[in-house]
Amino acid sequence: MQIEGLKRHFDVSPPWLVRMLERRDRQIVQAVDGIDIAIAKGETFSLVGESGCGKSTVARLVVGLYTPTAGRIAFDGNDMGKRRGRAQTSALRRRLQMIFQDPYASLNPRWRVFDIIAEPIRAFGLAANKADLEKQVGNLLRQVRLTPADGRKYPHEFSGGQRQRISIARALASRPEFLVCDEPTSALDVSVQAQILNLMMDLQRRFGLTYLFISHNLAVVYHISTRVGVMYLGRLVEQAATDTLFKRPKHPYTRMLLDTIPDLDMTGRQRVPVAGEVPSPINPPSGCSFHPRCPFANERCKLERPQLLPVEGGAVACHAIEEGRIAVEERTYATSR
Amino acid sequence: MAASGKSALNKAPLLEVKNLRVEFPTRRGTLLAVDDVSFEIAAGEVLGVVGESGAGKSLTGNAIIGLLEPPGRVAGGEIRLEGRRIDNLPYEEMRKVRGAQIGAIFQDPLTSLNPLYSVGRQLIETIQTHLPLSAGQARQRAIDLLKEVGIPGAEQRIDHYPHQFSGGMRQRVVIALALCAGPKLIVADEPTTALDVSIQAQVIALLKRLCREHGTAVMLVTHDMGVIAETADRVAVMYAGRVAEIGPVRDVIKQARHPYTEGLMGSIPSLGHRSERLAQIDGAMPRLTEIPRGCAFNPRCGHRGQRCLVERPDLMPAGSSRAACWLHDPRGVGAAAVGELADA
């Protein structure tokens, strides 16, 4: 999976007449503003960031639910934006599936679980006959630790964790190679979250899946990913291998995010809260968009937008790091549990 | 930290909850959502209440502030605030207690503020309901409160409407609202769940500072163990409507006594250690309609004995905590004949 210069802007301006009467300009949200990511086969690439940073938009762009404003997404060498015949598009789509955040909203309440999971199999014509279809659905249900008998039930008869298993079974039904997971565990309780994360890691090993994992929970990301990209206001500010990012964070925003994770080992320790909030993506700050909250910002940061430059196997977009104004921090975490 | 926790425990409790039961009558029979829950909160103490969805933690909080949604009702037990029983007060009396002595903070700051009134009007109204202040004095107090919760430009912001505030700022306004009459106890139900991590840290730091400065006790209801670890002095872990374990926060996290707590702590991803798999508790919490006989956790428990299947454990001392588990009974969980134990 290769993503180059991906942009997606949303027009949120008031209607034309209102704009004319009130002499206002168009308002554009730059939800994703130029992102380059390369994801190798079999790895888990995670995108983290606070709400509104554009991570879910990237997920939707990748599976083709949005069309990019600019840039290119290529999957296994095939440009997703290129027009091609129905059969080819369908063949490409089969290999890319998505798991959504809310297992209560992403399953049709009027369909039996069997039909929900069978839909992609039927749509892509992957079953030879009815018996084969039943066998496939039964296997899928078993793979996500449910029973084939559960297929006769409706989604409302299941708990949140079980519903997320059904979503995973549906996503696996078309035998995809690449799964986009948009906050798959953030609606679940921690003990259920552990079950789902373990299941996802098992399935990855078994089928050689590649994941694009979107989350705001850094501890979850630490466990599941091989590489991590940190997003802020529609841009990637840092990307690196998981261990490098957590042990030697470089961008001030990454450090700030790491500081704010509540950890069980923090009992009695004071967390350093960071001032300020994510600015509006309609009018992002000039220069480096993080400069109003950054303790290391100087004049250059206010004027000039930093580029993503390679550092230590990853990449960082920060003037202070580039100039060597701030040193790389070594971090260790308590392992006393 | 530990010393201050101990001294707080020796004082008479501010809030005392004894054998609380909350029921929901339904067509298929009565559901017992909170079953025999007892705990105390001392003045100035932060008690964390954790549990998965449906464990009854929010209902316990709502029962204390007297805001159970009908048809839910308190079916037994008592709630005492400074020795005075508050669970059976008439509605109007309870309204005075709520606000004046107990403040409430809810999960979603947007729904706990009225979108049609400016935040100032809402603050002033609350202040004047509970304190004998003139309009001018009340406005001054409202401004002071907004400053105290860290809202920049409080003098101007007081006339703004809730939609003009961001999520974190709105939650600060809600905290100011809860503090209006200087309550002795704040019941905070998932106060940071709707917020981003960086904003969450700000709100938690604020809540901690205010408790320290005002000596306000807090009952912090959340499913986020990290928030509890940082904020609470003691923690109660709830499972299927009952308290599974209660004790000082450090002990509960580091040396969990109840198998459920142990499993729960293991399943939380931590930055300290990265393993191939997270520890997981198989299965799910039972529905209220199908809570098993004996210990409610027994179908998922690795230490299950004969006794757990038939007899329900009450909280018993386990180290510096108390846990509702037969493992901590001197007579054990083993294969001892059931009748024998019941006779003893």
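Sequence lines set the chain letters: A, B, ... in the order given, protein chains first and strands last, and positions in each chain run from 1.
The backbone N or O of B/Ile281 lies less than 3.5 Å from a partner atom in the side chain of A/Gln195, making a donor-acceptor pair.
Rounded to the nearest 0.5 Å, atoms CG (A/Asp189) and CE (B/Met285) are 7.5 Å apart.
No donor-acceptor contact under 3.5 angstrom links the side chains of A/Gln193 and B/Ser267, judged on distance only.
Residue contact with chain B, scored on non-hydrogen atoms closer than 4.5 Å, involves the side chain of A/Asp202 exclusively.
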_Worked check of side chain to side chain contact (heavy atoms under 4.5 Å, CB included) between B/Gln280 and A/Leu197_ = CA-CA 10 Å; B/Gln280 68 176 53; A/Leu197 291 176; over 6 Å; no
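The shortest side-chain heavy-atom distance between A/Arg145 and B/Asp282 does not fall under the 4.5 Å cut-off.
A pairwise comparison of heavy atoms in B/Arg300 and A/Ser191 identifies NH2-OG, 3.9 Å as the closest pair.
Ranked by heavy-atom pairs under 4.5 Å with chain A, the list B/Ser53, B/Gly54, B/Gly150 is led by B/Ser53.
Listed by sequence position, B/Ser166, B/Gly168, B/Met169 are the residues of residues 164-174 of chain B in contact with chain A, using a 4.5 angstrom heavy-atom cutoff.
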